[in-house]
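Inspection log for the structure reproduced underneath, given as structure tokens.
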Amino acid sequence: MLVRERMTPNPVTVPPKGLLSAARDAMTAGKFRRVPVVQDGVLVGILTDRDLRQYVGVEERTRIEAAMIETPLTIPPTMTVEEATRLMLKHHISGLPVLENGQLVGIITTSDVLRAFLELTGTPA
């Protein structure tokens with residue numbers, strides 16, 4: 001099973017010069033815990049809910065670039081879900097941006113992996 005079959009395609013992104021409050025609002029509205037940071041079509045970082053917690057109270061005055069993880073680990077859509085899962089476990093992360101030809105095409109998260117597992121076992125999600 002390939003990542004492209006399980007990833008969330010075309011994820012919501014935020015710009016590095018944007019405010020943390022806007023990223024927080026996007027994450028809350030979309031019910032996700034991480035958001036890729038993109039500038040001029042290029043992935044430059046990732047922002048997680050854990051990163052946001054360090055800036056409680058100053059989100060309206062703090063730019064995303066101050067809190068984001070720069071150059072996050074990425075994977076291609078042709079990687080297997082098993083390989084992606086091993087990377088997430090090894091690096092203690094819960095999501096990986098998916099790049100194809102240098103462009104962000106998706107994101108795969110532990111939720112995506114768990115849904116695939118449930119499908120394989122024949123259990124409804």
Side-chain angles (χ1 to χ4, degrees):
M1 180 181 323
L2 298 179
V3 166
R4 80 164 28 106
E5 299 163 353
R6 292 295 170 190
M7 70 183 190
T8 300
N10 305 311
V12 171
T13 64
V14 294
K17 299 286 185 197
L19 294 175
L20 287 179
S21 57
R24 179 200 60 219
D25 293 346
M27 292 166 71
T28 300
K31 297 182 181 171
F32 44 84
R33 296 178 301 176
R34 72 207 48 73
V35 62
V37 183
V38 174
Q39 180 174 6
D40 299 324
V42 176
L43 179 74
V44 295
I46 193 164
L47 183 71
T48 69
D49 58 347
R50 183 179 297 168
D51 302 322
L52 281 173
R53 281 185 241 150
Q54 299 174 36
Y55 294 88
V56 171
V58 294
E59 300 100 327
E60 292 289 335
R61 300 186 313 264
T62 308
R63 296 201 186 278
I64 291 166
E65 63 192 352
M68 71 182 192
I69 298 162
E70 294 182 26
T71 53
L73 184 60
T74 64
I75 58 172
T78 54
M79 180 178 275
T80 66
V81 171
E82 295 83 359
E83 291 172 301
T85 302
R86 281 189 196 97
L87 277 175
M88 286 190 270
L89 288 170
K90 178 181 178 182
H91 294 281
H92 305 283
I93 54 178
S94 59
L96 291 164
V98 181
L99 298 183
E100 187 169 43
N101 299 319
Q103 296 296 306
L104 180 70
V105 294
I107 189 165
I108 190 162
T109 67
T110 52
S111 295
D112 299 319
V113 171
L114 289 171
R115 277 190 211 90
F117 173 77
L118 287 175
E119 272 186 35
L120 287 173
T121 62
T123 307

Please step through side-chain contact (heavy atoms from CB on, under 4.5 Å) for the pair Leu87 and Met79, ending with a clear verdict. CA-CA 11 Å; Leu87 277 175; Met79 180 178 275; 3.9 Å; yes
Show, in sequence, the C-alpha distance, side-chain angles and deciding distance for Met27 and Val14, and conclude whether the side-chain contact (heavy atoms from CB on, under 4.5 Å) test is met. CA-CA 10 Å; Met27 292 166 71; Val14 294; over 6 Å; no
Do Arg4 and Thr78 pass the side-chain contact (heavy atoms from CB on, under 4.5 Å) test, and can you show the C-alpha distance, the side-chain angles, and the key distance before you say yes or no? CA-CA 7 Å; Arg4 80 164 28 106; Thr78 54; 3.8 Å; yes
Take Met1 and Glu119 through the test side-chain contact (heavy atoms from CB on, under 4.5 Å) and record every step on the way to the result. CA-CA 12 Å; Met1 180 181 323; Glu119 272 186 35; over 6 Å; no
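Annotation for Arg6 and Ala116: closest pair NE-CB, 3.6 Å, computed over non-hydrogen atoms. Closest of all the heavy-atom pairs between Pro76 and Val3 is O-CB, 4.1 Å. When all heavy atoms of Leu104 and Pro11 are compared, the closest pair comes out as CD2-CG, 3.9 Å. Of all heavy-atom pairs between Leu43 and Pro97, the closest is CD2-CB, 3.8 Å. Scanning both residues, Met7 and Gly106, for their nearest heavy atoms gives SD-CA, 3.9 Å. The two atoms that bring Ile46 and Pro72 nearest to each other are CG2-CB, 3.7 Å, heavy atoms only.
Rounded to the nearest 0.5 Å, atoms CD (Glu82) and CG (Leu2) are 9.0 Å apart. Atom-to-atom distance recorded for Ser94:OG and Ile108:CD1 is 12.0 Å, nearest 0.5 angstrom. Distance CG/Leu96 to OG1/Thr74: 8.0 Å, rounded to 0.5 Å. Separating the CD1 atom in Ile75 from the OG1 atom in Thr80 is a distance of 9.0 Å, to the nearest 0.5 Å. Atom OG1 of Thr109 and atom CZ of Arg33 lie 7.5 Å apart (nearest 0.5 Å). Here Arg115 contributes atom CZ and Thr110 contributes atom OG1; the two are 9.0 Å apart, rounded to the nearest 0.5 Å.
Under the side chain to side chain contact (heavy atoms under 4.5 Å, CB included) criterion, Thr8 pairs with Ile107, Asp112, sequence neighbours left out. Annotation: side-chain hydrogen bond (donor to acceptor under 3.5 Å, both in side chains) contacts of Gln103 (sequence neighbours excluded): none.
Grouping the Ile, Leu, Val, Met, Phe, Trp and Tyr side chains by contacts below 4.5 angstrom, directly or via other members, places Val113 apart from Phe32. Tyr55 and Leu52 end up in the same hydrophobic cluster when Ile, Leu, Val, Met, Phe, Trp and Tyr side chains are linked at under 4.5 Å. With hydrophobic clusters built from ILVMFWY side chains whose heavy atoms lie under 4.5 angstrom apart, Leu20 shares a cluster with Val12.
The side-chain contact (heavy atoms from CB on, under 4.5 Å) test with Leu47 singles out one residue from Val35, Ile69, Thr13, and that residue is Val35.
Counting only residues at least two apart or on different chains, the salt bridge (Lys or Arg N to Asp or Glu O under 4.0 Å) pairs with a member in residues 13-31 are Lys17-Glu65, Arg24-Glu59.
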